[in-house]
K.L.:
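Below you'll find the structure I mean.
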Amino acid sequence: MSEALKVPTMAEYLAQGKVPEVLFWVGCAGSFDDRAKKITKAFVKILNNCDINFAVLGTEESCSGDPAKRAGNEFLFQMQAMTNIQVLDGYNIKKIVTTCPHCFNTLKNEYPGLGGHYKVMHHTQFLKDLLNEGRLKVEGGKFKGKRITFHDPCYLGRANNEYEAPRDLLKKLEVELIEMRRCKTNGLCCGAGGAQMFKDAEAGDKEINIERTEEALETKPSIIATGCPFCNTMVTDGVKSKEKETDVKVLDIAEMIINAENLTS
Amino acid sequence: MQYIPNILFLIIVVFGAGFFIKNCKKIIRNINLGQKIDPIDHKKTRWKNVLRIAFGQSKMVARPLSGFLHIIVYVGFIIINIEVLEIIIDGLFGTHRIFSGLGVFYDILIGSFEVLAFLVLLSVILFWIRRNFKRIKRFWSPEMEGWPKNDANIILYFEMILMSLFLLMNVTDYQLQLLGADHYNRAGSFPVSSYLLPIFENLSESSLIILERTAWWLHIIGIFIFLNYLYYSKHLHILLAFPNVYYGSVEAKGKFKNLESVTNEVKMMMDPNIDPFAVPSSEVEVPAKFGVSDVLDLNRTQLLNAYTCTECGRCTSNCPANQTGKKLSPRKIMMDTRDRLEEIGRNIDKNGEFKNDNNQLLDNYITREELWACTTCNACVESCPISINPLSIIMEMRQYLVMEQSAAPNELNISMTNIENNGAPWPYNQMDRLNWKKD
Ligand code: SF4
Ligand code: SF4
């Protein structure tokens, strides 16, 4: 990244007596995983380009608790959730955007029952809103006419019925969207959900991410687009194991928008 | 003497219905062994779901061929049952085709029953061929071996026999009407069985009457046997799908329940006003059991789910774990739950109350390997045509493993320790959380 990113924290905002429009919840993968960090930066770059007043929690952010909850550790999940709610409420946060569908789902659906009420958006929904409000302009640029398939993250799609926001953005990029055999409500999991990301799979005859990658490759795409750092890792690994990484890129929609090079704000 | 058939019929009705009611009561008792559910909210949405998903079978179109055939069988079965009402009245009062006074309307009614019966017969034969000769994967999973497979076929044979008897009864009746036999007044239209007339043309009136009566009796007896067979089969969904859809979740599929007993404890732990070293007060609640190890820990909706499951395998055929050869099969989760609940029911029948049998859902029915293979992707929940949620059972059993037994796979334990210590599933320091900005 050439120009420096502007990433203000909530603490900095508070010190200046200002309130940001939205909190960007980065998530653990977005903070620490090398591949996911690129997605984080791409999204921040879009926010910077569109002059969005946003802030992050920085070192005050902690795991949303999603992997603990799906692993069955309700104690740890609720400890994480309540600690996070204290921090969020301390800053009087109203609106949250996140690039991780798992954080998105748990913040949106499971925090309210523990006292945390926020308007929570996945970044593709947020970007679509910016687009509709005319604050973000997306044009085809270098993806125009390219064959691209979109992998629905389970926690964005089936879990929260959001299938259109990412596809609308792809349409704006003027790509040739080729759907996989199993897509939208029928989409096949990448294999990472339910805390599977953090353990080896049980014995079987195939890895789930390979099954999914094979299906994605059947569409002969130049890019497999997705909207989840975990799906991204799983499918990237799949593409590598098929030795297709030179022909097929796995990109988050935020990265595609920033790479389209025609971004104007 | 002339009343013997009526009395015989009454006995059949009383026994058929009585036995059925007895089994219904057993199901209700067993379901009520489960944990209470929260008060029912969103009633409007629930009724809409019943109309759309249960009556409208909106989820069956995902697989067009079987969906289409299923709708024929379903509509046929429901409508033809109007005829059963007539049969029962005729049987009790010794009348013959009591509704025939309806005139043209009766003709239309009987005509449509005939067409439907024919279509049902055809669909059921196609279903039978599909199930037994086309190797559709979801019908050949390990959990379908033995009884479940026979059960599915028995139901198909039942429907074939009932529909054939219905048509046989009509064609002989029609032939008798044409012959002008006593009691057999001209009534009804027979668009299907009229094609069968030539077969019966040369039979004498008395043999026709014997045939007609036999078909009539066997048909109604068959219906009562079928009704009572339901309890022992996977076919309860024809009744339970409706309440099951009503009680199904109306929330986002990603929203998993927060355990209230845990919330209370976490709140206590986080409350700065509570002295952590204080001697626990005398009225400390008996610690609840966290999660599920046996069916009685499940809630009533989950137990209703288990009775409603029709073992169609749509869930399993969409399950990423199952598709890649793991042991997990969401259909098996539902079948195991029902089998174990039935076992407990029999235990209660025998002993008056539940006597510990050193058996439980976890390990004896559902293995840990199955539970840990789930990605919580919700594909099973999405694909179930009658709003069953196998995932909720998997999740709650995991909760038991982790919170009561600390028996998570080791790598998961490491991740959870990381979350506890440094707020991320990986061993990075929380203080480094913003470092991405710099590199
Ligand atoms: S939620 Fe679990 S059981 Fe259901 S389809 Fe997904 S992996 Fe299979
Ligand atoms: S749970 Fe639903 S989809 Fe799965 S076998 Fe039972 S009825 Fe079919």
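Throughout, protein chains are lettered first and strands after them, A, B, ... in sequence-line order, and every chain is numbered starting at 1. Hydrogens, waters and symmetry mates are skipped; everything else that's a heavy atom, side chains included, is used.
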K.L.:
Is A:Thr106 close to chain B through its backbone or its side chain, or both, or neither, when contacts mean heavy atoms under 4.5 Å?
P.N.:
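For A:Thr106, there is no contact with chain B at all, as no heavy atom is under 4.5 Å.
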K.L.:
Evaluate side-chain contact (heavy atoms from CB on, under 4.5 Å) for A:Met79 paired with B:Glu420, printing each intermediate quantity in order.
P.N.:
CA-CA 9 Å; A:Met79 290 289 285; B:Glu420 223 172 306; over 6 Å; no
K.L.:
Start with the C-alpha distance between B:Phe256 and A:Asn109, add both sets of side-chain angles, then the distance that settles side-chain contact (heavy atoms from CB on, under 4.5 Å), and finish with yes or no.
P.N.:
CA-CA 8 Å; B:Phe256 293 7; A:Asn109 293 319; over 6 Å; no
K.L.:
To check you understand the geometry: which heavy-atom pair defines the closest contact between B:Lys255 and A:Asn105, and what is its length?
P.N.:
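In this case the closest contact between B:Lys255 and A:Asn105 is N-OD1, 4.1 Å.
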K.L.:
Measuring heavy-atom distances to chain A, does B:Trp372 have an atom under 4.5 Å in its side chain, in its backbone, in both, or in neither?
P.N.:
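Contact with chain A: backbone and side chain both.
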K.L.:
Looking only at heavy atoms, what is the nearest atom pair of B:Ala252 and A:Asn160, with distance?
P.N.:
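Nearest pair, atom of B:Ala252 first, then A:Asn160: CB-OD1, 3.9 Å.
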K.L.:
Taking the side chain as everything from C-beta on, heavy atoms only, tell me whether B:Asp432 gets closer than 4.5 Å to A:Phe32.
P.N.:
yes
K.L.:
Using a 3.5 Å distance criterion without hydrogens, assess whether the side chain of B:Glu382 forms a donor-acceptor pair with backbone atoms of A:Thr185.
P.N.:
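No, the answer is negative, given that no donor and acceptor are paired below the 3.5 Å cut-off.
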K.L.:
Return yes if a side-chain donor-acceptor contact under 3.5 Å exists between B:Thr376 and A:Tyr155, otherwise no.
P.N.:
yes
K.L.:
For the interface with chain A, which of B:Glu251, B:Met397, B:Met416, B:Glu396 has the highest count of heavy-atom pairs at distances below 4.5 Å?
P.N.:
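Greatest number of close heavy-atom pairs with chain A: B:Met416.
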K.L.:
Ignoring hydrogens and angles, state whether a donor on the side chain of B:Thr263 or A:Gln78 is under 3.5 Å from an acceptor on the partner side chain.
P.N.:
yes
K.L.:
Quick one: what part of A:Gln196 sits under 4.5 Å from any heavy atom of chain B, side chain, backbone, both or neither?
P.N.:
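Side chain only.
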K.L.:
Mark yes or no for whether A:Glu61, through its side chain, and B:Leu434, through its backbone, hold a donor-acceptor pair below 3.5 Å.
P.N.:
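Between the backbone of B:Leu434 and the side chain of A:Glu61 there is no qualifying donor-acceptor contact (under 3.5 Å).
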K.L.:
What heavy-atom pair brings B:Pro409 and A:Lys199 nearest, and what distance separates the two atoms?
P.N.:
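The answer is CG-CE, 3.9 Å.
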K.L.:
Count the heavy-atom pairs under 4.5 Å between each of B:Lys257, B:Glu370, B:Lys327, B:Glu260 and chain A, then report the option with the highest count.
P.N.:
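Between B:Lys257, B:Glu370, B:Lys327, B:Glu260, the count favours B:Lys257.
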K.L.:
Where is the tightest heavy-atom contact between B:Lys326 and A:Lys206, given as atom of each residue plus distance?
P.N.:
NZ-O, 2.8 Å
K.L.:
Under 4.5 Å heavy-atom distance to chain A, tell me which part of B:Leu412 shows up: side chain, backbone, both or neither.
P.N.:
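Looking at B:Leu412, backbone and side chain both touch chain A.
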K.L.:
Grab the two heavy atoms, one from B:Asn258 and one from A:Lys69, that are nearest each other, plus how far apart they are.
P.N.:
OD1-NZ, 2.9 Å
K.L.:
So what's closer than 4.5 Å to chain A heavy atoms on B:Ala373: side chain, backbone, both or neither?
P.N.:
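Both parts, heavy atoms under 4.5 Å.
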K.L.:
Using the rule side chain to side chain contact (heavy atoms under 4.5 Å, CB included), only one of B:Val402, B:Val266, B:Leu259 pairs with A:Glu74; which is it?
P.N.:
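Looking at B:Val402, B:Val266, B:Leu259, the match for A:Glu74 under the side chain to side chain contact (heavy atoms under 4.5 Å, CB included) is B:Leu259.
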K.L.:
Considering all heavy atoms of both residues, which atom of B:Glu411 and which atom of A:Asp200 are nearest to each other, and what is their separation?
P.N.:
OE2-N, 2.7 Å
K.L.:
Ignoring hydrogens and angles, tell me if any N or O in the side chain of B:Arg433 forms a donor-acceptor pair with the backbone of A:Ser31 under 3.5 Å.
P.N.:
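Here the side-chain-to-backbone pair does not exist.
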